[in-house]
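Single-structure report; data block below.
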Amino acid sequence: MDFREKIAALKEQKRAVILAHYYTSAEVQQVADFVGDSLALSQKAAGVDADIILFAGVRFMAETAKVLSPDKKVLLPVTEAGCSLADSCDAAELAKARRENPDHLVVSYVNTSVEVKALTDICCTSSNALDIIGALPKDQKILFVPDRNLGSYINRCMERDMKLWNGCCLVHEEFSVEKIAALKALHPKAVVLVHPECKPEVVAMADYAGSTAGILAYCGREDVEEVIVVTESGILYEMESRYPNKKFYLVEPEKSSEKCVSCKDMKLVTLENIYQTLLEESPEVIIDEEIRAAAEGAIRRMLEMS
């Protein structure tokens, strides 16, 4: 069965658009209407004339798309596709932390559940986190959730003392100083590009640390010919598509025997389950309206500041 053709036909028939995150497989990215970071994709979908949004990614991303497009049907091909970072912050625990720290503003990374966003004052992305925190008064106490590594990076860059939630992305935790140093020894001219979800000692090795979109943009510099990629391996498809004359090297994970660091949840999305989801218009993302509206407020406040 040629799923590409069948998916294309269903998209037209059902007035659907497919969003795919950079970390999904190459074949999934190839059938998408838009490929990018999670929030940018949700913003794009909100402005598209379509009845259905299919999000090829993980659960919190599809939730964010629904938050910003409440009148559209949002589909998620694999409901069990989760995120270790989002799962590291439980909404009930955050509600308790808010009660215990009433003088703290809650700033949440977008890699969180919709219930956590609903308890958040302002969201941020890895692209705009420094701008968001920089716009807040120096004496404003902040509880930053859920990523301790991104929060630590912001604290260092902005000379802040935010209280950090003890969460992390288990995928980005797989990068180690030793593996990167070994690759750098083999390719001394390569720049090291790192996502700030990595551990502080890994970020310290970077020629550039930033979001997926920022890393892609840095690859486009004329003085960059070789790149050591310190983020999820799915980004390689976009890198090689944009810059076919450059060389990219993936870092092996610290603890497994795999050849590269990969998010298994992102790779659960396939052409077959995209086709089946469009055909059946299910599973659909459903969010309680009170929670959705509260989460949208946190996102809108971020957009107003950035």
Side-chain angles (χ1 to χ4, degrees), residues 20-27 29-30 35-38 40 84-85 109 111 125-131 134 147-159 168-267:
H21 193 273
Y22 287 128
Y23 295 168
T24 55
S25 66
E27 65 176 13
Q29 294 182 49
Q30 288 164 5
V35 179
D37 281 332
S38 60
S84 59
L85 180 53
Y109 190 23
N111 295 35
T125 69
S126 51
S127 296
N128 66 23
L130 296 178
D131 292 333
D147 188 359
R148 62 176 183 252
N149 290 327
L150 177 59
S152 175
Y153 171 74
I154 297 167
N155 273 343
R156 294 194 305 275
C157 290
M158 306 298 296
E159 297 183 343
C168 67
C169 167
L170 295 180
V171 175
H172 284 89
E173 286 270 302
E174 279 291 314
F175 292 104
S176 69
V177 169
E178 292 76 17
K179 295 287 187 179
I180 297 168
L183 203 53
K184 182 72 173 178
L186 291 174
H187 308 285
K189 294 181 180 180
V191 294
V192 178
L193 306 186
V194 174
H195 198 288
E197 287 180 20
C198 295
K199 292 174 285 192
E201 60 269 27
V202 169
V203 175
M205 300 182 73
D207 293 286
Y208 170 81
S211 66
T212 309
I215 287 172
L216 281 165
Y218 196 96
C219 291
R221 288 176 43 151
E222 289 186 6
D223 60 335
V224 172
E225 296 179 358
E226 300 179 64
V227 176
I228 293 173
V229 182
V230 192
T231 191
E232 207 274 350
S233 59
I235 192 62
L236 188 64
Y237 174 72
E238 183 69 17
M239 287 178 166
E240 293 181 335
S241 297
R242 288 194 196 185
Y243 313 112
N245 297 322
K246 300 192 177 189
K247 295 180 180 179
F248 301 97
Y249 309 111
L250 295 176
V251 182
E252 293 181 356
E254 181 179 22
K255 296 175 183 176
S256 77
S257 59
E258 301 293 327
K259 292 297 183 183
C260 60
V261 174
S262 178
C263 176
K264 292 179 173 57
D265 284 275
M266 287 286 194
K267 302 305 188 288

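Keep in mind that what you see is a predicted model, and the values were worked out from it rather than measured.
A salt bridge links E252 with K179; the closest basic N to acidic carboxylate O contact falls under 4.0 Å. With respect to the salt-bridge test (charged N to carboxylate O, under 4.0 angstrom), the residues E254 and K199 qualify. Taking the charged nitrogens against the carboxylate oxygens, E173 and R148 do have a contact shorter than 4.0 Å, which makes a salt bridge.
Classified by interplanar angle (parallel below 30°, tilted 30° to 60°, perpendicular above 60°), the ring pair F175/H172 is tilted. Taking the six-membered ring for Trp and thresholds of 30 and 60 degrees, Y218 and Y208 have nearly parallel ring planes, at less than 30 degrees apart.
The shortest distance between side-chain heavy atoms of V224 and K246 falls below 4.5 Å. Within the 4.5 Å cutoff, the side chain of V230 has no heavy atoms near those of the H195 side chain. Contact of the R156 side chain with the P200 side chain is registered, since non-hydrogen atoms from C-beta on lie closer than 4.5 Å. In this structure the side chain of S126 reaches within 4.5 angstrom of the side chain of Y109, judged on heavy atoms. Y23 is listed as a side-chain neighbour of T231, based on a closest heavy-atom distance under 4.5 Å. Using a 4.5 Å heavy-atom cutoff, the side chains of I235 and L216 are in contact. Residues L130 and C157 have side chains in contact (heavy-atom distance under 4.5 Å, counting atoms from C-beta outward). For the pair E232/S262, a side-chain contact is recorded, criterion being any heavy-atom separation below 4.5 Å from C-beta on.
Nearest heavy-atom pair, E197 versus N149, reported as atom, atom and distance to 0.1 Å: O-ND2, 3.0 Å. Here the shortest heavy-atom pairing between A129 and I154 reads CB-CD1, 3.6 Å. Nearest approach of D37 to A213, heavy atoms of both residues: OD2-N, 3.4 Å. In terms of heavy-atom proximity, M205 sits nearest to A181 at CE-N, 3.9 Å. Considering all non-hydrogen atoms of both residues, A209 and P196 come closest at C-CD, 4.5 Å. The two residues C219 and L193 make their nearest non-hydrogen contact at SG-CD1, 3.6 Å.
Note: K264 NZ to S84 OG = 11.5 Å, rounded to the nearest 0.5 Å. Here C168 contributes atom SG and N111 contributes atom CG; the two are 12.0 Å apart, rounded to the nearest 0.5 Å. L250 CG to F248 CZ: the interatomic distance, rounded to the nearest 0.5 Å, is 10.0 Å.
Looking at D131, its side chain never comes within 3.5 Å of a backbone N or O of N128 through a donor-acceptor pair. Panel note: side chain Q29, backbone Y237; no donor-acceptor pair is recorded below 3.5 Å. Remark: side-chain polar atoms of D207 are paired, donor with acceptor, to backbone N or O of V192 under 3.5 angstrom. The main-chain N or O of V251 is never found under 3.5 Å from a side-chain atom of K259 such that the two would form a donor-acceptor pair. Although no hydrogens or angles enter the test, the distance criterion places no donor-acceptor pair under 3.5 Å between the side chain of H187 and the main chain of K189. Side-chain atoms of Y22 do not come within 3.5 Å of backbone N or O of S38 as any donor-acceptor pair. Side chain of S25 to backbone of K267: no donor-acceptor contact under 3.5 angstrom is found.
Around the CD atom of E225, the shell of radius 6.0 Å holds no more than 12 heavy atoms that belong to other residues, nucleotides or ligands.
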field: Worked verdict on C263 versus V171 for side chain to side chain contact (heavy atoms under 4.5 Å, CB included)
entry: CA-CA 6 Å; C263 176; V171 175; 3.9 Å; yes
- request: With side chain to side chain contact (heavy atoms under 4.5 Å, CB included) as the test, would you mind laying out the steps for H21 and V35 before giving the verdict?
  value: CA-CA 6 Å; H21 193 273; V35 179; over 6 Å; no
